[in-house]
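What follows is a set of notes on a single structure, which appears directly below.
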Amino acid sequence: MAIEIKGTGKGIPSRRVSNEELARQVETSDEWIRSHTGIGARHIASEENAASDLAVEAARQALDMAGLEAESLDLIVIGTATPDFQGCPSTACIVQNRLGAKSAGAMDLAAGCTGFIYGLETAAALLCIKRERRRVLVIGVDVLSRITDWNDRGTCVLFGDGAGAVVLEKTDAPSEGPGKRGLLRSILGADGSGAEYLMIRRGGSRHPWKAGETIDSSACLEMNGRAVYNFAVKAMTDTIENLLKEEGVGIEEVARIIPHQANARIVQAAGKRLGIPEEKFFLNIEEYANTSAASIPIALDELNRSGGLSRGDLVMSIGFGGGLTYGGNLIIW
Ligand code: UT7
């Protein structure tokens, strides 16, 4: 029995905001953003669109590619830090209804930018645990533009909106030995001592909005960029090494690494430490910036649709983010 990806998709808002456009609103420049992050543009959701709208688009594309109807799904798992509504209902329930996935359970998962990596492993485990469960839709979606302080040049240049989705199916292919396929293993990690480094302080049960309170700013994502940078390089380096060690394979056997697209310099630093050639990492950060939980499935879909993955390729995803969380998956395509 193997857990295989049968379809991929993405939902990207049409509005594209270039670095130059941003530089007319805050004190920054195309040169600074590109040289410090590798970002050239980001896509921003319209006022009418929330996380579920982008997620539904990505889900439909993934289902189309898999040749499956939404009715055949047993579960929908969504990694997001920007759900349509806080806490209840889950964005997964909204997507379940919009898709008409009548037989599917639905839940959101909060693991920051690592949400898709956590989602894949969660979905795979739930497929294994019950014989009748066959298909799970896993989505990473975030609309970070809604929780971005657009006057803070230290964060607003980094983020974009988007969704990415995969359909996971339990198949009869082997998951061990010759001809093995699908999701081989994952690492899921966390270091809650760094919780303050990426935080949406207001709006939760710790600091709820109160009636009568004058609100002079919306709930925003606060970040200690330097601390997250250092954590990210170490988390990426350790996770790549540990995935290879656990699976007993060398880096030369990995066809492509799909990293969380937060900053091209983080990826380059981790690659340099491990002696991995830059071309092994797939980067599309220049076009989309950091789309949080969506960045890995969007990249996976682009790589897949452009013919960049062949059957049998060993593919690695690596992520890190708010929590702090980190992790990775090893998949045979
Ligand atoms: O998904 C996970 C979430 N986040 C991340 O992964 C982010 C991790 N951190 C980073 O990617 C980097 O730390 C940043 C890109 C956020 C910042 O890059 P940096 O090279 O660490 O810059 P810095 O914060 O040390 O700032 C250097 C200078 C400062 O000026 P002074 O004090 O040297 O005069 C900043 O004020 O750059 C200034 N600066 C900017 N200048 C122009 C900061 N942001 C900007 C900007 N445009 N947008």
Side-chain angles (χ1 to χ4, degrees), residues 17-42 79-82 110-119 140-164 189-192 194-201 220-237 239 258-272 281 283-286 288-299 317-328:
V17 178
S18 66
N19 289 346
E20 288 82 1
E21 185 176 343
L22 213 50
R24 291 196 283 274
Q25 294 158 39
V26 285
E27 203 187 327
T28 188
S29 64
D30 178 53
E31 194 283 320
W32 191 97
I33 302 171
R34 280 185 190 274
S35 61
H36 284 73
T37 68
I39 294 167
R42 71 282 301 139
T80 186
T82 49
C113 305
T114 324
F116 180 76
I117 285 170
Y118 269 65
V141 58
D142 269 306
V143 191
L144 289 184
S145 65
R146 294 285 148 73
I147 54 161
T148 296
D149 178 352
W150 288 99
N151 295 312
D152 174 18
R153 69 176 183 174
T155 53
C156 77
V157 302
L158 303 175
F159 302 128
D161 302 334
D191 178 3
E196 294 233 8
Y197 296 156
L198 265 170
M199 185 173 266
I200 307 159
R201 226 165 271 280
C220 285
L221 181 65
E222 294 170 33
M223 182 179 77
N224 179 334
R226 187 43 61 178
V228 176
Y229 186 98
N230 293 336
F231 166 80
V233 174
K234 182 162 169 33
M236 270 194 74
T237 313
T239 308
I258 301 172
H260 171 43
Q261 318 272 321
N263 184 336
R265 281 172 52 216
I266 293 174
V267 176
Q268 285 151 5
K272 203 165 159 200
F281 294 96
L283 283 175
N284 62 3
I285 187 171
E286 188 180 6
Y288 302 115
N290 178 353
T291 56
S292 187
S295 90
I296 290 172
I298 289 173
S317 69
I318 293 288
F320 54 86
L324 298 169
T325 55
Y326 60 93

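Both ligands and their constituent atoms are indexed starting at 1 by order of listing.
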Q25 atom CD, neighbour heavy-atom count above 12 within 6.0 Å: yes
Residues at least two apart in sequence or cross-chain that pass salt bridge (charged side-chain N to carboxylate O under 4.0 Å, His left out) with D149, listed by chain then number, are none
task: Can you establish whether the number of heavy atoms outside Y197 located under 6.0 Å from its atom OH is more than 12?
output: no
- Could you tell me whether a side-chain N or O of R153 sits under 3.5 Å from a main-chain N or O of V26, the two making a donor and an acceptor? no
Near ligand 1 (heavy atom, under 4.0 angstrom), the protein residues are E27, T28, W32, H36, T37, C113, R153, G154, V157, L158, L198, M223, G225, R226, V228, Y229, H260, A262, N263, R265, I266, N290, F320
Scan the side chains in residues 264-271 for donor-acceptor partners under 3.5 Å anywhere in the protein, sequence neighbours excluded, and list what turns up.
residue: R265; atom: NH1; partner: H36; partner atom: O; Å: 3.0

By ring pair (Phe, Tyr, Trp, His ring centres under 6.0 Å), Y118 pairs with (sequence neighbours left out) none
